[in-house]
Amino acid sequence: MSRVTSLVIIGLITSLACNAIAADTDSSGLNRLGERMYRDGILSDGTPLKGYVRGDVEIDSTMFSCTNCHARGGLGSVEGQVSSPPVNGATLFNPRYQYKDQIKNSISKSKGKTRPAQAIRPAYTDETLANALRGGMDPQGREFVPIMPRYNLNDQDMQIMVTYLKNLSSRLSPGVTDKSITFATIVTDDVSTDDRQAMLASIETLVNINQQTKNQKKFPQFAKMFRMLDTAFFREISVKTWELKGEPATWTAQLETYYKREPVFAILGGISNRPWQPIHDFCETNQIPCLFPVTDLPAVADKGWYTYYASKGFYQEGETAARFISDSIRDGAGGKVLQIVRNTDQGNALATGFTSTWNESGRGQLQTINLKQNQKMDSTLFQKLLLQYTPDSVVIWTGDETVATLAGLPPQTKRPQLYVSSRYVGKSITSIPEPLRENLFITYPFRLPEDEQSFKGYQEFLTLGKLKQPDEKRIATRTFSMIHIFLQGLKELRQDFYRDTLLDVLAMRPDQYLPDFERYSFGPGQRYASKGCYLVQLGKGATARLIKKSDWVVF
Amino acid sequence: MQLSLKRKLRFFLGVPVLLFCLTSVAHADTKTYKRTLEKFTNPDVTLVNQDGKRISFKSIIESDKPVVLDFIFGTCTTICPVLSAGYVNLQQKLGTDSTKIHLISISIDPENDTPKVMKEYLKRYRGKPGWDFLTGSRKDIDTIMRAYNAYIPNKMSHYALTLIHKPNADGWIRIYGIMSSSEFVDETKKAGL
């Protein structure tokens with residue numbers, strides 16, 4: 001306790017002797033220093049920001065910093081009973097009101113009236129903010145709860161921090177006006193007309209529903225509420241379709257052109273059969289959130305912030321197979337693994353997931369055979385590889401030729417365990433000859449069909465029967481889920497239309513039970529919502545049942 | 001069909017309705033913590049640690065060392081950092097004797113907390129030997145949370161809980177809230193550190 005008081009005193013003394021930061025530090029450089037302090041807990045001289053929580057628990061902010069509790073966009077977080085308030089410039093340097101008063105105030109303001117409400121604290125000044133960070137008290141002298149750390153910040157670093165907070169989420173992000181929010185969705189020209197329609201139909205419905213609620217036509221029971229919220233909240237929603245043509249190498253330039261023509265707040269969904277990487281990179285560069293695009297070839301990176309994916313797609317199937325095999329080896333099976341990879345985007349993504357996971361935690365030896373460009377696998381080649389490598393397990397990342405290859409194998413008494421991807425092999429998987437099924441394990445990244453029954457029809461709600469073919473590729477359902485999650489985010493965003501905050505609030509959503517995946521789960525910094533994938537085997541008969549052989553998440 | 005359409009509509013309409021119910025959240029009073037003595041049956045489940053090793057949970061609890069248990073997750077916002085700062089401080093005080101007490105963190109986000117994520121978490125906090133982060137199937141994690149009256153159905157409604165076990169004792173010290181560094185040391189001393 002006495003330590004805290006002495007910090008306050010030191011704080012007061014040093015703030016009296018405040019001197020300006022060298023004028024040659026330009027403002028973006030300053031902002032970067034502030035950002036590093038806020039996000040990574042590193043001071044301007046490169047040393048860790050230190051402080052105390054809970055009185056005497058010393059902390060080093062490279063373990064956790066402001067961003068953990070107050071979130072990247074600065075609008076705060078609530079975890080259990082602890083709420084970390086907003087610390088963005090717009091909030092700190094204005095009196096703070098209870099949320100309901102804030103709403104009433106902004107409604108009054110939009111009608112040109114002022115409505116006095118009791119503030120819960122006055123606006124901060126640079127001095128009172130410095131006191132808050134060093135000594136843990138608000139402008140009225142109320143002491144903070146002990147979870148908010150008391151920080152050791154010298155004058156120069158304090159000035160950097162205060163300036164950073166002043167600019168943090170201080171202006172609404174691009175794409176938002178008083179009357180409208182503009183979004184985009186992305187379609188690449190390798191996508192078929194039907195697939196494109198499966199995604200766009202749901203998005204059109206989203207726009208229409210917003211239009212209807214705005215006009216209160218359809219839901220008179222909510223009319224009163226909407227009227228009240230109208231001026232403060234409701235904005236036109238429009239979703240532009242950004243069509244990308246030609247080679248992926250040219251996508252970035254096309255995206256830049258669209259974006260320059262009309263900035264958007266975020267990208268909703270999107271669809272491509274090619275790797276998503278160029279679009280991912282564009283979103284990182286321009287700091288545009290991209291929510292749950294329909295892709296099985298997402299960018300798989302540790303450090304990405306702006307794109308939220310439903311899953312890691314093919315990569316995740318490979319990853320799961322590696323963990324499953326590694327786990328069975330622990331239980332005593334042999335440890336020689338042969339991986340056969342067809343050189344396609346899908347084959348390579350499966351193999352990358354498998355190999356990188358194997359390198360981290362695999363037990364046993366892995367041998368990988370990369371088939372040549374356009375080379376398919378056949379029974380002869382496969383048999384040759386088996387004789388050459390005598391593996392205990394074979395991981396086969398080849399496409400729809402897989403079934404014929406396996407069916408053409410000579411009868412054998414002892415066969416290795418075989419692993420394939422249900423999505424890459426495709427529908428023909430159920431025609432695998434019965435004698436092979438006992439040794440065959442299939443990665444299946446969705447809820448099993450019998451459990452999916454209760455989610456039937458969800459996509460029809462949004463596509464309103466506009467689809468010409470059944471949604472076998474789960475495009476409409478995945479888009480439905482995107483919209484559902486996006487609307488929750490929009491609700492949580494309240495009036496704080498900051499892009500980082502949209503991602504912050506999505507990260508704090510509880511688990512969602514939606515079509516396709518067992519669960520969409522979230523968390524700060526997590527960017528792949530579905531973490532699981534089953535390993536299944538085929539039951540008997542032509543309409544073989546899938547039999548679970550693993551948990552949804554394999555470690 | 002009619003009925004399910006209604007249900008789906010509610011999916012969306014729930015959104016604006018809720019807007020009204022939101023008011024500013026009250027601050028928690030974390031100045032004190034609540035200490036109780038409780039009896040639990042240690043569940044017999046197998047978990048996975050930060051090195052990908054399988055661990056019999058019951059056997060590490062019923063060892064001859066004092067054991068401290070908390071519930072965290074790798075990407076948690078407010079509560080885990082503060083709990084983990086407590087672990088870090090205790091380990092620093094113990095210096096080279098850090099393994100005299102077994103600090104255990106159980107993941108409440110097991111699907112995301114793979115060994116890799118847990119290892120990185122411990123590295124970031126500069127955890128020393130003697131602090132293990134454990135994950136497992138949802139079912140097993142639920143079993144543990146229920147066994148210690150610590151069930152957290154949704155990780156964002158997380159609360160701070162620390163459980164301390166003295167070797168061979170049949171009860172636990174249950175701490176609800178957050179301790180200061182000296183309070184934490186006192187409690188572990190009572191557990192035979």
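Residue numbers begin at 1 in each chain, while the letters A, B, ... track the order of the sequences.
Only the side chain of A:Ser84 comes within contact range of chain B, with at least one heavy atom under 4.5 Å from a heavy atom of that chain. Of the atoms belonging to A:Glu360, it is side-chain heavy atoms, and not backbone ones, that fall under 4.5 Å from chain B. Proximity to chain B involves both the backbone and the side chain of A:Val57, based on heavy atoms less than 4.5 angstrom apart. Proximity to chain B (any heavy atom under 4.5 Å) is restricted, for A:Phe522, to the backbone atoms N, CA, C and O. For B:Lys116, the part sitting under 4.5 Å from any heavy atom of chain A is the side chain, from C-beta outward, and nothing else. For chain A, the nearby parts of B:Asn112 are the backbone and the side chain; heavy atoms of each come within less than 4.5 Å.
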*asked:* Pair B:Arg54, A:Asp327 - check side-chain contact (heavy atoms from CB on, under 4.5 Å), show working.
replied: CA-CA 10 Å; B:Arg54 309 228 137 189; A:Asp327 198 45; 3.1 Å; yes
*Take B:His158 and A:Val82 through the test side-chain contact (heavy atoms from CB on, under 4.5 Å) and record every step on the way to the result.*
CA-CA 9 Å; B:His158 191 197; A:Val82 183; over 6 Å; no
*For the pair A:Lys531 and B:Asp113, evaluate salt bridge (charged side-chain N to carboxylate O under 4.0 Å, His left out) and give the outcome as yes or no after the intermediate values.*
CA-CA 10 Å; A:Lys531 274 70 174 186; B:Asp113 287 342; over 6 Å; no
*Mind running salt bridge (charged side-chain N to carboxylate O under 4.0 Å, His left out) on A:Asp551 and B:Lys139 for me, showing each step along the way?*
CA-CA 10 Å; A:Asp551 281 339; B:Lys139 200 170 117 267; over 6 Å; no
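B:Arg124 places no side-chain N or O within donor-acceptor distance of the main-chain N or O of A:Thr62, the cut-off being under 3.5 Å. Remark: the backbone N or O of B:Thr78 is paired with a side-chain donor or acceptor of A:Glu79 at under 3.5 angstrom. In this structure a side-chain-to-backbone donor-acceptor pair under 3.5 Å is present from A:Asp56 to B:Ser181.
Contact record, A:Arg54 with B:Tyr33: NH2-CD2, 4.5 Å, taken as the closest heavy-atom pair. Contact detail for B:Asn154 and A:Pro510: the closest heavy-atom pair is ND2-CB, 3.6 Å. Here the shortest heavy-atom pairing between B:Gly136 and A:Phe555 reads O-CE1, 3.2 Å. When all heavy atoms are compared, the tightest approach of B:Cys76 to A:Asn68 is O-ND2, 3.6 Å.
When each of B:Val117, B:Thr114, B:Val82 is checked for heavy-atom pairs under 4.5 Å with chain A, B:Thr114 comes out on top. Contacts with chain A were tallied for B:Ser137, B:Ser157, B:Ser180; B:Ser180 has the most, counting heavy-atom pairs under 4.5 Å. Ranked by heavy-atom pairs under 4.5 Å with chain A, the list B:Gly86, B:Pro115, B:Pro110, B:Gly74 is led by B:Pro110.
For the atom pair CD of B:Glu111 and OG of A:Ser530, the computed distance is 8.0 Å after rounding to the nearest 0.5 Å. Taken from NZ in B:Lys123 to CE in A:Met63, the straight-line distance is 13.0 Å, to the nearest 0.5 Å. One distance of note links CG of B:Asp109 with CG of A:Asp511; it measures 7.5 Å at 0.5 Å rounding.
For the pair B:Arg126 and A:Asp60, the minimum side-chain heavy-atom distance is below 4.5 Å.
For NZ of B:Lys128, the number of neighbouring non-hydrogen atoms (other residues, nucleotides, ligands) closer than 6.0 Å is greater than 12.
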